[in-house]
Amino acid sequence: MAKILILDDEKEIVSLLSTLLSNEGYEVYEAMSGNESLDIIEKNRIDLAILDVMLPDISGFDVLQRIREKQFFPVLMLTARGQDIDKISGLSMGADDYIVKPFNPFEVLARVKTQLRRYQTYNSQGIEQVNEYTKNGLNISVDSRKVSLYEEEIKLTPIEFDILWYLCKNEGRVVSSEELFEQVWKEDYLENNNTVMAHIARIREKMHEKPRQPNIIKTVWGVGYTIEK
């Protein structure tokens, strides 16, 4: 049974999502402040978190940052409609997806299930056929779900791993943001979607890549991203 944390200072939202997810068989933890959520995470094994941005004490971004210091379970951010900066900030800090308020509860459920499937695959050993990519100091293994650069382990979230692996197995070909999004998220791509860009930036940051002069994931302006042969 997956354990899901819901963090929001609006009691109605917490109650709605808690009821929906509980009816699907998930074990739900509820928090109405950032510090309360961190206490829950410290004491329990959480498989997925849904975090509101605006909170009475610390922000959802602060909670996300604390989570990503030690853990890599999926995090979905709740953002107000039109607050694109919140979406970009959350994704850049390691969030896996975002949900815009007001939201359709069943869309939230679908996104939760998608992220949990990916996370369970990420943490399973021996399910996928052994695949490995090694070049220019970069090593990525599908079997162990580990990435290293010049023997330094790079800690990637499941989404970040899937993005990097897709680019690696398409080495030498320019992959558009649309293709990356549809192949990794398994959803239709929408125009002005900054999700892929934010995740690429996060991967480069973890690899200590210079944003304007990356050595591994190259940007082909107006086209997409590539790992050169």
Mind checking side-chain contact (heavy atoms from CB on, under 4.5 Å) for [X] and listing every partner two or more places apart, or none if nothing turns up?
| X | value |
| --- | --- |
| T134 | E132, N139 |
| A201 | none |
| I99 | L76, L78, F103, V108, R111 |
| N23 | T19 |

At their closest point, which heavy atom of [X] faces which heavy atom of [Y], and how far apart are they?
| X | Y | value |
| --- | --- | --- |
| L91 | A198 | CB-CB, 3.5 Å |
| D9 | P56 | CB-CD, 3.8 Å |
| L116 | A2 | CD1-CB, 3.9 Å |
| K101 | E10 | NZ-OE2, 3.4 Å |
| M1 | G25 | CG-O, 3.0 Å |
| V28 | S22 | CG2-OG, 3.6 Å |

Indicate, with yes or no, if [Y] and [X] share a hydrophobic cluster defined by side-chain heavy-atom contacts under 4.5 Å among Ile, Leu, Val, Met, Phe, Trp and Tyr.
| X | Y | result |
| --- | --- | --- |
| M197 | L164 | yes |
| I67 | M32 | no |
| V174 | V196 | no |
| V53 | M93 | yes |
| V142 | L180 | yes |

Q115 and I159: side-chain contact (heavy atoms from CB on, under 4.5 Å), yes or no, with the steps? CA-CA 9 Å; Q115 292 298 334; I159 285 279; 4.1 Å; yes

Only pairs at least two apart or in different chains count here, so list each salt bridge (Lys or Arg N to Asp or Glu O under 4.0 Å) that has a residue in [range].
| range | result |
| --- | --- |
| residues 24-38 | E24-K113 |
| residues 166-181 | K135-E171, R173-E179 |
| residues 56-74 | R68-D96 |

Please collect all ring-ring contact (aromatic ring centres under 6.0 Å, His included) contacts where either partner lies in residues 202-229, sequence neighbours excluded, each pair once.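 Every candidate ring-ring contact (aromatic ring centres under 6.0 Å, His included) pair involving residues 202-229 fails, so no pair, neighbours aside, qualifies.
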
Non-neighbouring partners of E228 that pass salt bridge (Lys or Arg N to Asp or Glu O under 4.0 Å), sequence neighbours left out: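 E228 satisfies salt bridge (Lys or Arg N to Asp or Glu O under 4.0 Å) with no residue once adjacent residues are dropped.
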
Residues that E12 engages under salt bridge (Lys or Arg N to Asp or Glu O under 4.0 Å), provided they are two or more places apart: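 Checked E12 against salt bridge (Lys or Arg N to Asp or Glu O under 4.0 Å); zero matches.
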
Using a 4.5 Å cut-off on heavy atoms from C-beta on, say whether the side chain of [Y] contacts that of [X].
| X | Y | answer |
| --- | --- | --- |
| I46 | I40 | yes |
| V175 | Y166 | yes |
| F161 | I140 | yes |
| R117 | K186 | no |
| Y133 | I227 | yes |
| T157 | R202 | no |
| L149 | V147 | no |
| L21 | I6 | yes |

Within a radius of less than 6.0 Å around NZ of K146, do more than 12 heavy atoms belonging to other residues, nucleotides or ligands occur?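 Atom NZ in K146 is not crowded, with 12 or fewer foreign heavy atoms closer than 6.0 Å.
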
Could you check whether atom CD of E42 has more than 12 heavy atoms from other residues, nucleotides or ligands sitting under 6.0 Å from it?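 Not more than 12 within 6.0 Å, no.
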
Ring pair (Phe, Tyr, Trp, His ring centres under 6.0 Å) with W185: which residues, sequence neighbours excluded?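 Ring pair (Phe, Tyr, Trp, His ring centres under 6.0 Å) check on W185 returns F181, H199.
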
Donor-acceptor contact below 3.5 Å, side chain D52 vs main chain L7: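 The answer is no, because no donor-acceptor pair under 3.5 Å joins these two groups.
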
Could you tell me whether the side chain of Y119 and the main chain of T114 form a donor-acceptor pair under 3.5 Å?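 No, because the side chain of Y119 does not come within donor-acceptor range (under 3.5 Å) of the backbone of T114.
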
Would you compute the distance between atom [atom1] of [X] and atom [atom2] of [Y] and round it to the nearest 0.5 angstrom?
| X | Y | atom1 | atom2 | answer |
| --- | --- | --- | --- | --- |
| S37 | I58 | OG | CD1 | 6.0 Å |
| D8 | S33 | CG | OG | 11.5 Å |
| I200 | N194 | CD1 | CG | 13.0 Å |
| L51 | S59 | CG | OG | 9.5 Å |
| L138 | Y150 | CG | OH | 9.0 Å |
| D47 | F73 | CG | CZ | 8.5 Å |

As a quick check of understanding, evaluate side-chain contact (heavy atoms from CB on, under 4.5 Å) for I163 and L156, giving each step before the final call. CA-CA 10 Å; I163 290 172; L156 299 182; over 6 Å; no

List, one per line, each side-chain donor-acceptor pair under 3.5 Å for residues 212-220, sequence neighbours excluded.
unit_1 : atom_1 : unit_2 : atom_2 : d
K218   : NZ     : P214   : O      : 3.0
T219   : OG1    : R204   : NH1    : 3.4
T219   : OG1    : R204   : NH2    : 2.7

